[in-house]
Peer 1: 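Please see the structure below; I have some questions.
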Protein chains: 2
Amino acid sequence: MPSASDHHSLYVLIRKLESIATLSTEERQAILSLPAKTRVLPPRQDIVRDGDKPSQCCLLLDGWACRYKLLSQGRRQILSFHVPGDIPDLQSLHLHTMDHSLGTLTEATIAFIPHESLRELTARFPGLAAILWRDTLIDAAIFREWMVGLGRRSASERIAHVFCEMYLKLEAVGLAGDHRCPLPITQTDLGDALGLSNVHVNRVLQEMRGKGLITLRGSALVIEAWDELNRVSEFDPTYLHLEKRAAG
Amino acid sequence: MPSASDHHSLYVLIRKLESIATLSTEERQAILSLPAKTRVLPPRQDIVRDGDKPSQCCLLLDGWACRYKLLSQGRRQILSFHVPGDIPDLQSLHLHTMDHSLGTLTEATIAFIPHESLRELTARFPGLAAILWRDTLIDAAIFREWMVGLGRRSASERIAHVFCEMYLKLEAVGLAGDHRCPLPITQTDLGDALGLSNVHVNRVLQEMRGKGLITLRGSALVIEAWDELNRVSEFDPTYLHLEKRAAG
DNA sequence: CGGACAATTGATCTACCTCAAAATTGGTGG
DNA sequence: CCACCAATTTTGAGGTAGATCAATTGTCCG
């Protein structure tokens, strides 16, 4: 039973927050009345840069984005992938200087919400403040899991693990199902997220395809052997701290 | 001019929070009146385990601790090092199931503070809630920086980087100075934190000693060439989000 | 003085990297 | 509908940072 709010652009945020917590009617209302300026950005465009001192947060309405840091000699580490409903720079509410950059991966629609409005929201609704805090804590939990991968997992384990993670994150907000999900990123992006070269990513992907674990064509990932992929990557979804499934 | 509070065991927490934010007199008072049960634990003892659902937070009063995850075949990834003043499991306030373990590295004195008391505190003092939130965000910022190291830095860059980081963190709470700091961890621990084998850590350390970059004996690290260490590891302390120096 | 743990050394191995070229894909304009 | 371009994927060949395994030495401390 779709309600009017389904057509509100900020509804994606409610859907996201409801995947990790429970919202009251007033809290939902308050979110929908947040002011937001929406813009469409092309692929591979920076949204906020390392060193910036933003006065607003970015809510991803459509498309994918990532956070990353650059080192010398063109080395890049992608820190996280973001999908509709995410506020990838929520931490800027309390950390005033960006210590990394945020950019689009695909064409993306982004709503900018002033810090001021979010501060008012959290002051009026301490429960929402706790939920947003929780969101940033889940962010950190995902960082921890990636650290485990980067430090101690083999290339194939890392790739399998991130596929399981992305699928569950997307499924939780109704953007994936049936072990299929969009994956609109290049093998180079994947390598920069997992600390691997694009060449090696390519070889491991071929091996995974060969074993019938996945199908990956264009921007569509199909996990053909969910249990097996979970097993080889020792995937345990606890760290995603998902509350429940989105209705869709 | 030392005040009575200097001798209160919870003073280490105030000192820590003042390294990343400013506290009002009332907020300081409120922190000092938190209830806490103190215990002394031996080295290499778990405090909280992966999967636990704790009802209290641990404030490290003395000694070092670390967070870590275990994988099959004895693989271990250390996620963070913690020093007096840290609350390594503050996230448990809003993430009810532990997705990693927390254990001592040295003998450690720990104050356990009930979640309930922390919830009351944050409800009465939204400013303190914001500071604690900020603390967890800085935690996440450090995770991000470690991800960069694990994914894209060489072994020597990683080691140099973590030395710079630990020194600044300790200096900020008055536990280090003059480019000297305690480092009561084994080379195996260091390897498990940096995604390296203990053997390789050992070889890189020898190389660093040979170049006159550091002195490391027993549990004492001296950074002999601060600028050089910063340069080779591309260390930029922004991500620590330190507010100011502790008075000492 | 002995026992346990940590650091060190040596030898060998390998997962993954780098560089460079070729093949494929998807989008675009004619 | 096709030809074309740029981006991405794929393949090949060779190289290396760091792993593994197995001693040996050093250190701390009761």
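Sequence lines set the chain letters: A, B, ... in the order given, protein chains first and strands last, and positions in each chain run from 1. Keep in mind it's a predicted model, so treat the numbers as computed, not measured.
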Peer 1: Name each donor-acceptor pair under 3.5 Å that joins a side chain in residues 207-225 of chain B to protein atoms two or more places apart or in another chain, with its distance.
Peer 2:
from	atom 1	to	atom 2	distance (Å)
B/R209	NH1	B/L216	O	2.8
B/T215	OG1	B/E224	OE2	2.4

Peer 1: Look at all strands and tell whether A/L205 reaches a base, only sugar-phosphate, or nothing, counting heavy atoms closer than 4.0 Å.
Peer 2: nothing
Peer 1: Look at all strands and tell whether A/R153 reaches a base, only sugar-phosphate, or nothing, counting heavy atoms closer than 4.0 Å.
Peer 2: nothing
Peer 1: For nucleotides 20-30 of chain D, print each protein N/O atom paired with a nucleotide N/O atom at under 3.5 Å, atom names and distance only.
Peer 2:
none

Peer 1: Please name all residues satisfying salt bridge (Lys or Arg N to Asp or Glu O under 4.0 Å) with B/E165, sequence neighbours left out, ordered by chain then number.
Peer 2: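 B/E165: no salt bridge (Lys or Arg N to Asp or Glu O under 4.0 Å) contacts found.
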Peer 1: Going 5' to 3' on DNA chain C, which nucleotide is the first and which the last to come under 4.0 Å of a heavy atom in chain B?
Peer 2: C/dA6 to C/dA11
Peer 1: When you measure from every atom of DNA chain D, which of residues 67-83 of chain B have a heavy atom less than 4.0 Å away?
Peer 2: none
Peer 1: Could you list the residues that satisfy salt bridge (Lys or Arg N to Asp or Glu O under 4.0 Å) with B/R76, not counting sequence neighbours?
Peer 2: B/D189, B/D192
Peer 1: Which residues pass the side-chain contact (heavy atoms from CB on, under 4.5 Å) test with B/N198, not counting sequence neighbours?
Peer 2: B/T188
Peer 1: Thinking salt bridges, do A/R44 and A/E107 make one under a 4.0 Å N-O criterion?
Peer 2: no
Peer 1: Figure out the CG/P separation between B/L190 and D/dA19, and round it to whole Å.
Peer 2: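 Nearest whole value for this atom pair: 12 Å.
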Peer 1: Could I get the full list of salt bridge (Lys or Arg N to Asp or Glu O under 4.0 Å) partners for A/D46, not counting sequence neighbours?
Peer 2: A/R49
Peer 1: Which residues pass the side-chain hydrogen bond (donor to acceptor under 3.5 Å, both in side chains) test with A/K169, not counting sequence neighbours?
Peer 2: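 If we apply the side-chain hydrogen bond (donor to acceptor under 3.5 Å, both in side chains) test to A/K169, skipping adjacent residues, there are no hits.
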Peer 1: Whole Å only: how far is the CG atom of A/N202 from the P atom of D/dA13?
Peer 2: 16 Å
Peer 1: Which residues satisfy the side-chain contact (heavy atoms from CB on, under 4.5 Å) test with A/P237, sequence neighbours excluded?
Peer 2: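 Expected list: A/L168, A/F235.
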Peer 1: Can you check side-chain contact (heavy atoms from CB on, under 4.5 Å) on A/T38 and A/F112, steps first, answer last?
Peer 2: CA-CA 6 Å; A/T38 297; A/F112 293 92; over 6 Å; no
Peer 1: Measure the spacing between CZ of A/R180 and CG of A/L170 and express it to the nearest 0.5 Å.
Peer 2: 14.5 Å
Peer 1: Rounded to whole Å, how long is the line connecting atom CD of B/Q187 with atom C1' of D/dG18?
Peer 2: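 In whole Å, D/dG18 C1' and B/Q187 CD are 15 Å from each other.
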Peer 1: Send over the distance from A/D189 CG to D/dA7 C1', rounded to a whole Å.
Peer 2: 12 Å
Peer 1: Identify whether the distance between the nearest side-chain nitrogen and carboxylate oxygen of A/D50 and A/K69 falls below 4.0 Å.
Peer 2: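 Salt bridge flag = no for A/K69 with A/D50.
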Peer 1: Which residue pairs pass the ring-ring contact (aromatic ring centres under 6.0 Å, His included) test when at least one of the two sits in residues 188-232 of chain B, sequence neighbours left out?
Peer 2: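 ring-ring contact (aromatic ring centres under 6.0 Å, His included) check on residues 188-232 of chain B returns B/Y167-B/W226, B/H179-B/W226.
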Peer 1: For B/G191, report the nucleic acid contact type (base, sugar-phosphate, nothing); a contact means any heavy atom under 4.0 Å.
Peer 2: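 Result for B/G191 = nothing.
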Peer 1: Should the pair B/E234-B/R152 be classified as a salt bridge under the 4.0 Å nitrogen-to-oxygen rule?
Peer 2: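 Looking at B/E234 and B/R152, the cut-off is not met.
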Peer 1: Taking CD1 from B/I159 and C1' from D/dA17, how many angstroms apart are they, rounded to a whole number?
Peer 2: 13 Å
Peer 1: Please give the angle, rounded to 10 degrees, between the axes at the start and the end of the helix from C/dC1-D/dG30 to C/dG30-D/dC1, where five pairs define each axis.
Peer 2: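 Rounded to the nearest 10 degrees, the bend comes out at 50°.
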